[in-house]
2 protein chains.
Amino acid sequence: MDTSQPPRRVTIIDVARHANVSTTTVSKVLRNAYGASPEMRAKVREAIAELGYRPDAAARGMRGQTYTIGVMLPTIRNPFFADILDGLTDRLRDTDYQILLGTGGDGEDTEERMTDAMIDRRMDGVVLIAPVSSRARLEQIAGLVPTVIVGRHGNSPLYDVVTDDDFVGAALVVEHLSALGHRRIAHIDHSETDPTRLLEMPNAVRAEGYRHAMRAHGLADEIDIVATSYTQEGGYIGAQRLLARPRRPTAIFAGADFVAMGVLEALAEAGLKVPEDISVAGYDNTTFAAFAPVSLTSVDQAGHQIGSNAARLLLERISHRQAPSSQVKLTPKLVVRGSTGRPSVPD
Amino acid sequence: MDTSQPPRRVTIIDVARHANVSTTTVSKVLRNAYGASPEMRAKVREAIAELGYRPDAAARGMRGQTYTIGVMLPTIRNPFFADILDGLTDRLRDTDYQILLGTGGDGEDTEERMTDAMIDRRMDGVVLIAPVSSRARLEQIAGLVPTVIVGRHGNSPLYDVVTDDDFVGAALVVEHLSALGHRRIAHIDHSETDPTRLLEMPNAVRAEGYRHAMRAHGLADEIDIVATSYTQEGGYIGAQRLLARPRRPTAIFAGADFVAMGVLEALAEAGLKVPEDISVAGYDNTTFAAFAPVSLTSVDQAGHQIGSNAARLLLERISHRQAPSSQVKLTPKLVVRGSTGRPSVPD
DNA sequence: CAGAATTTGGGGAACGTTTCCCAATGTTCG
DNA sequence: CGAACATTGGGAAACGTTCCCCAAATTCTG
């Protein structure tokens with residue numbers, strides 16, 4: 001590493017000198033804190049503008065806040081997360097907070113590395129989207145930094161939670177398909193083995209909602225769940241297994257749009273037409289679902305609202321560390337498109 | 001804000017005390033710096049493990065490095081960026097650096113806010129993906145922090161550049177279509193007005209590559225570019241305009257897969273079959289292009305390699321701030337799929 | 001074996017903020 | 001009008017590191 005220095009950054013001391021005040025006063029102005037007269041504020045602001053001063057976030061972090069909010073998401077590949085992020089961003093736009101993103105990957109270890117990194121950087125708060133870490137770990141994090149968990153059910157006194165009602169979402173799909181005349185409605189789930197996480201993960205709640213709705217519609221005997229994974233490949237494999245059934249389903253409810261993509265591939269390969277031969281529904285209402293040639297019936301989760309609620313809760317938690325935790329549950333809605341229709345051979 | 005404190009974090013002083021050494025020594029061990037014997041190292045590491053110590057990144061930033069690398073991307077919606085990010089992540093996995101992402105939006109102002117935020121947080125280096133800022137601004141950033149620019153042509157002594165050869169990529173598409181027998185090959189470009197940026201933006205280079213290749217194949221008279229925007233809507237509108245031509249094109253080369261999505265929608269709406277009635281090619285080889293029912297011929301940019309090269313250059317620049325800047329240009333390849341075929345009515 | 005060079009460990013001053021004070025001045029009120 | 005109180009501004013001590021030194025001990029060298 002060589003030693004050549006870019007010109008030294010303007011510091012709060014430079015500003016204080018230039019405005020003929022103390023650094024304390026400048027600091028007060030910066031933070032809109034009590035104890036500086038309007039004239040002082042004006043003078044300081046002018047000096048700041050003239051010198052082009054920007055506070056050093058690292059230094060601020062040593063004593064006060066870093067004005068940084070960390071958002072962890074499993075991957076940036078899922079466009080649904082982008083909606084959540086937009087909601088967060090919009091809500092925080094007019095605050096002094098900056099959002100920085102980190103990817104948590106799909107494992108507990110990589111997720112831990114990322115959350116640790118956020119804590120080490122003294123972020124003022126974190127939003128964890130669909131985390132896979134154990135509940136104990138989540139509580140540990142929440143004990144160290146204001147935390148909001150998104151997209152994972154189950155609550156804790158230590159953190160706030162924002163979810164979409166996956167139970168209702170799954171029911172919406174079953175209702176829709178049932179109303180169209182379907183009886184053999186199968187579901188593709190993500191297989192989860194860890195018992196503690198089991199009930200908190202959205203996929204499990206969707207599966208439960210599916211089961212419940214099937215029973216409610218008198219279709220208890222038709223309940224048929226294939227557990228693969230929430231990936232395109234998982235959908236492909238799941239569909240293949242379902243097609244191999246002696247009495248094969250007339251409709252497939254995939255747990256995510258991604259999964260539906262795989263299902264559609266498998267169906268196309270098998271020479272089946274959608275929705276004439278078989279209906280398909282997804283979950284998340286991604287751009288992909290909306291794309292006309294695909295036209296996938298899907299459940300819309302209002303990602304934007306999820307994000308904006310998460311931001312609101314986080315700001316509240318930052319200012320009231322000890323307030324009782326709250327849970328926000330949003331209601332999804334079904335977007336019906338061309339991939340679902342009446343079954344060709346009514347049961 | 002209330003005052004309740006989570007238990008104080010373990011500091012370097014606690015470690016020093018616990019290991020019966022000075023903080024200096026602990027610091028040396030942490031940074032693998034010269035001046036600590038193997039025995040000391042062992043002793044210190046043990047203390048670190050016992051206490052569960054983690055260095056405070058904010059405090060480190062005050063004197064030394066933050067071990068943080070900022071990656072700015074315009075949006076997380078474009079799955080191509082995910083490939084680049086994977087490349088970056090893989091390359092940095094075994095280093096002490098942590099990647100944090102920021103979205104730059106689509107404007108110079110929001111991009112400036114994000115880059116400023118990264119600089120304020122003393123990031124050790126930044127990777128800017130497809131930035132829209134002015135060249136002067138990019139050089140200003142590069143003067144303050146080691147910088148690698150990705151996906152934007154044009155070089156500077158101040159920063160390193162990694163691009164894909166968009167000129168060649170566009171030519172690949174034209175060659176392919178021409179070989180199939182197409183002559184009326186139209187192109188949908190992103191309209192850019194700013195003159196300084198004009199030649200550096202990938203879309204401009206693609207358009208130029210298209211023109212050049214058309215001429216090289218004796219199709220100079222058939223050059224037909226519609227300038228809308230690199231969005232799905234831009235593709236939709238562009239396609240509509242092209243279909244309204246008296247002699248309409250037999251093939252459309254969209255500047256991005258996103259754009260091709262819009263094109264496909266417009267074609268479906270017009271009742272045209274792909275590729276029987278008209279061929280379509282995209283750029284970026286996103287998941288969407290690979291999706292079987294779409295099966296879009298597209299140019300693959302090797303995002304992973306782009307990312308891994310960017311990471312390599314950044315690490316080099318961090319350790320040799322003054323080294324001459326380098327430019328890496330990767331070669332794209334064409335992925336032929338079902339959306340392109342022989343023209344139905346040969347010219 | 002003396003002197004030089006190297007290795008090892010540590011003391012303490014930065015780094016750029018915020019925040020706890022305290023002092024001076026102005027204001028209110030009984 | 002004097003005491004209590006509010007307002008305004010600033011001095012200086014944190015915060016948790018790194019890094020420039022220096023001193024002591026050890027090893028090398030001729």
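Residue numbers start from 1 in every chain, and the chains themselves are labelled A, B, ... in the order their sequence lines are given, proteins ahead of strands.
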- Message: Does A/Ala58 reach a base, just sugar-phosphate, or nothing at all? Heavy atoms under 4.0 Å.
- Response: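 The answer is nothing, as A/Ala58 stays clear of every strand by at least 4.0 Å.
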
- Using a 4.0 Å heavy-atom cut-off across all strands, classify A/Ala33 as base, sugar-phosphate, or nothing.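 No contact.
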
Grab the [atom1]-[atom2] distance between [X] and [N] for me, whole Å please.
X	N	atom1	atom2	value
A/Asp14	C/dT17	CG	P	9 Å
A/Asn32	C/dT17	CG	P	16 Å
A/Asp124	C/dT18	CG	C1'	13 Å
A/Leu51	C/dG16	CG	P	15 Å

Close N/O contacts between protein and nucleotides 13-19 of chain D (under 3.5 Å):
from	atom 1	to	atom 2	distance (Å)
D/dA14	N3	A/Arg63	NE	3.4
D/dT17	OP1	B/Tyr53	OH	2.9
D/dT17	OP1	B/Asp56	N	3.4
D/dT17	OP2	B/Ile12	N	2.7
D/dT17	O5'	B/Tyr53	OH	3.2
D/dT18	OP1	B/Arg60	NE	3.0
D/dT18	OP1	B/Arg60	NH2	3.3
D/dT18	OP2	B/Ser27	OG	2.5
D/dT18	O2	B/Arg63	NE	3.0
D/dC19	OP2	B/Arg31	NH1	2.7
D/dC19	O4'	B/Arg63	NH2	3.3
D/dC19	N4	B/Thr24	OG1	3.2

- Among B/Leu128, B/Val145, B/Asp120, B/Leu138, whose side-chain contact (heavy atoms from CB on, under 4.5 Å) with B/Thr115 holds?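 For B/Thr115, the side-chain contact (heavy atoms from CB on, under 4.5 Å) test succeeds with only one of B/Leu128, B/Val145, B/Asp120, B/Leu138, which is B/Leu128.
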
- Query: Does the side chain of B/Ser22 get closer than 4.0 angstrom to OP1 or OP2 of C/dG11 through an N or O atom?
  - Reply: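 False: B/Ser22 side-chain N/O out of range (4.0 Å or more) of C/dG11 OP1/OP2.
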
- Distance below 4.0 Å between A/Thr25 side-chain N/O and D/dT8 OP1 or OP2: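 Indeed not, no polar side-chain atom of A/Thr25 lies that close.
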
- Message: Run B/Leu30 and B/Tyr53 through side chain to side chain contact (heavy atoms under 4.5 Å, CB included) and show every step you take.
- Response: CA-CA 11 Å; B/Leu30 285 175; B/Tyr53 166 74; 3.8 Å; yes

- Message: For A/Gly102 versus A/Met118, what's the shortest heavy-atom pair and its separation?
- Response: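 Result for this residue pair: N-CE, 3.7 Å.
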
- Item | Closest non-hydrogen atom pair between B/Ala310 and B/Val150, with its separation |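 Smallest interatomic distance, heavy atoms only, reads CB-CG2, 3.8 Å.
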
- Query: If you count the non-hydrogen atoms of other residues, nucleotides and ligands that lie under 6.0 Å from CG in A/Asp106, is the total more than 12?
  - Reply: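 Counting neighbours around CG of A/Asp106, 12 or fewer heavy atoms of other residues, nucleotides or ligands fall under 6.0 Å, so no.
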
- Beyond-backbone contact of A/Tyr67 with A/Met123, side-chain heavy atoms, under 4.5 angstrom: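 In short, these two side chains do not touch, never coming nearer than 4.5 Å.
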
